[in-house]
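Only one structure is covered here, and it is reproduced in the block below.
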2 protein chains.
Amino acid sequence: MEDGTFESPGYSTDTCADPFVWDTREDCDVRQILDRIADKWSLLVIALLDTRSLRFSELKRAIDGVSQRMLTVTLRQLERDGLVSRTVHPVVPPRVEYALTPLGSSLHETIQSLVAWTELHQDDIARARQRYDDAREPQSV
Amino acid sequence: MEDGTFESPGYSTDTCADPFVWDTREDCDVRQILDRIADKWSLLVIALLDTRSLRFSELKRAIDGVSQRMLTVTLRQLERDGLVSRTVHPVVPPRVEYALTPLGSSLHETIQSLVAWTELHQDDIARARQRYDDAREPQSV
DNA sequence: CTGTATCCCTCAAGATACTG
DNA sequence: CAGTATCTTGAGGGATACAG
């Protein structure tokens, strides 16, 4: 298992010496899952749910700009992927709790690392953008 | 009424007391940068460029399914954000090399961790999806 | 409260063609 | 080779209304 970088999936007879090319095919599972996880809303939901389980309305309030529809869609996808669990409390005003599953929790560390990086370097990026824009658009207005 | 859910932190001030709620606002830098980095193609480009610098056509070939346009757009964004450098060699057949900047390199570890997680758990996810789909669609056609 | 269903529209992105 | 420019499409996602 630790025999190398990322085990190059033998999906074809190409250069097996590739270090980081996990899989270049579009339909591969990794690409597909990556797209799901790296999703705008998924990322936020997972990060929020690590603190504690949250109700639908709590999530909606916590995530500025998310529509009811997109939150529902996102939660369904995460539930389907086994990252989030959905618990319905059969009370009069419906109460639904969302929580990370163990699988979802295992993702959280990575996501936090991504968020941490972003927080740490947001100024660098802002400066880089400034520099780039200045260089490309010297004509003011 | 106090927003009890997440102590709505003084956004104007700092959020140093919050564990994971980096910022809930839509227009915040972190959210914006996150969207950029977590982008479908950006992720792949950054991962690929860590190995070595690559030419435009090499990237295009390495990333299955990316259109010329999207690769160009992605590279421009990454360049603007200071994550990728672009070097034009003034030779007859134009030769443009893309490489990670130090800032881009610092991101790579995190991205690899995300990819590694995905590779590690893709089977779990596939099973979870199977279970979910089986439960929701018992009526076979 | 927690959704589902519908309509509708924007904008991301693919295809194509053309330049340096 | 490495783009840029244009056109077109379609799917993502918002708004709204309704149901359990």
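All values below were derived from every heavy atom in this structure, side-chain atoms included, with hydrogens, water molecules and symmetry-related copies excluded. Here is how names work: the chains are called A, B, and so on, in the same order as the sequence lines, proteins then strands, and each is numbered from 1.
- One can place CG of Leu71(A) at 14 Å from P of dA15(D), the figure rounded to the nearest angstrom.
- Straight-line distance from the NZ atom of Lys60(A) to the C1' atom of dG14(D): 11 Å, rounded to whole Å.
- Sparse packing is recorded around CD of Glu109(A), with 12 or fewer heavy atoms of other residues, nucleotides or ligands lying under 6.0 Å away.
- One finds the CZ atom of Arg76(B) at 9.0 Å from the CG atom of Leu71(B) (value rounded to the nearest 0.5 Å).
- As a whole-Å value, the separation of Asp35(B) CG from dG12(D) C1' is 14 Å.
- Note: CE (Met70(B)) to P (dT4(D)) measures 13 Å, nearest angstrom.
- Looking at the side chain of Trp41(B), the nearest of the listed nucleotides dG14(C), dA2(D), dC1(C) is dG14(C).
- In this structure, Lys40(B) places its NZ atom 11 Å from C1' of dG14(C), rounding to the nearest Å.
- On a pure distance criterion of 3.5 Å, no polar donor-acceptor pair joins the side chain of Gln68(A) and the base of dG14(D).
- Taking atom OH of residue Tyr98(B) and atom C1' of nucleotide dC1(D), one finds them 11 Å apart after rounding to whole Å.
- The CG-P distance, from Leu75(A) to dC1(C), rounds to 16 Å in whole Å.
- Both Thr72(A) and Pro94(A) lie close to DNA chain C; mapped to their nearest nucleotides by heavy-atom distance, the more 5′-ward contact belongs to Pro94(A).
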Go through it in stages, so that I can follow the logic: the residues are Asp124(B) and Arg127(B), the test is salt bridge (Lys or Arg N to Asp or Glu O under 4.0 Å), and I'd like the CA-CA distance, side-chain angles, deciding distance and then a yes or no.
CA-CA 5 Å; Asp124(B) 294 329; Arg127(B) 272 194 296 276; 2.8 Å; yes
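- Arg86(A) has its CZ atom 4 Å from the P atom of dG3(C), to the nearest Å.
- At dA2(D), one or more side-chain N or O atoms of Ser57(B) fall inside 4.0 Å of OP1 or OP2 (strictly under the cut-off).
- Of the residues near DNA chain C, Arg95(A) and Arg69(A), the one whose nearest nucleotide (by heavy atom distance) lies more toward the 5' end is Arg95(A).
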Does the pair Asp133(B) and Arg80(A) meet the rule for a salt bridge (Lys or Arg N to Asp or Glu O under 4.0 Å), with working shown?
CA-CA 8 Å; Asp133(B) 293 343; Arg80(A) 178 168 182 262; 2.8 Å; yes
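- Dashed line: the shortest gap from a side-chain N or O of Arg76(A) to OP1 or OP2 of dT4(C) is under 4.0 Å.
- Distance alone, capped at 3.5 Å, is enough to place a donor-acceptor pair between the Thr101(B) side chain and the Gly82(B) backbone.
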